[in-house]
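Accompanying notes for the structure given below.
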Amino acid sequence: MTIAERIAKIRASLPESVRLVAVSKQVSADAIREAYAAGIRDFGENRIQEAEGKQDQLADLSDINWHLIGHLQSNKAKRAVERFSWIHSVDSLKIAQRLDRLAAPLSVKPQVCLQVKIFKDPNKYGWQIPKLLADLPALNQCENLQIKGLMAIPPSGLAESETFALFDRARELAEDIEQQHWSHISMQELSMGMSGDYHLAVKAGATMVRLGTILFGKRSP
Ligand SMILES: *Cc1c(COP(=O)(O)O)cnc(C)c1O
């Protein structure tokens, strides 16, 4: 199947309201053009440096929304704000505050998700739930960020039922936070679901799925 055929097939299987973010890490600029021609406007990258090269090659495709989905180191925060309209992987108060400070002089308001660790997972960045709840007042002060929702990534090795439970808990958490009516925190977006589990994420209420392998084929390890 071509990239366009894969996109058409996945798109047809998703509710219209779910945003398909094509994860283009390790994917060439040419393949990104193919996906663009097939209608994709949202692309996800996990490394700033790699993304910058491709963004420069694709500068003519000016209506692409670039999504940063990988852990962001604080020394690259400025480049992230300059280059991405979405940052899904805001995983600490410190990095949120840094992005907030950097955004003002650049006159941008990045759209961000807060990455949350629903289950214990030593390998993943993100807030544990109590810490996230405790940080909400400070996050609410980050007026240059548009806090849009949560991102959740299940640890590897979960059974399907556990994966679904994790996504479902993330949705509940977003609803709980939304109920608190913060002035600068909205919880409308749930970035969850990758090639292997997006069907479960969508069932649990994902609004953005981040798909790489299933669109572009296997990446080299
Ligand atoms: C690589 C990556 C994806 C896409 O994973 P696939 O299994 O290839 O669909 C999604 N989200 C994040 C954070 C990633 O790093």
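All values below come from the heavy atoms of this structure, side chains included, with hydrogens, waters and symmetry mates left out. Counting starts at 1 for both ligands and their atoms, in listed order.
When the shell of 6.0 Å around CD of E5 is examined, it contains more than 12 heavy atoms from other residues, nucleotides or ligands. Counted within 6.0 Å of CD on E178, heavy atoms from surrounding residues, nucleotides or ligands total more than 12; the atom is thus considered enclosed.
One finds no salt bridge joining R79 and E82 here, because no Lys/Arg side-chain nitrogen approaches an Asp/Glu carboxylate oxygen to under 4.0 Å.
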Start with the C-alpha gap between Q115 and S89, add the side-chain angles, then the distance that decides, and say whether side chain to side chain donor-acceptor pair (under 3.5 Å) holds.
CA-CA 5 Å; Q115 184 175 352; S89 43; 5.1 Å; no
Between R210 and S191, is a side chain to side chain donor-acceptor pair (under 3.5 Å) present by the stated rule, with each step listed?
CA-CA 7 Å; R210 308 176 313 274; S191 169; 3.0 Å; yes
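S24 and E45 form a side-chain donor-acceptor contact under 3.5 Å, judged by distance and modelled atom types alone.
For ligand 1, the protein residues placed under 4.0 Å by at least one non-hydrogen atom are V23, K25, I69, I153, M194, S195, R210, L211, G212, T213, R219.
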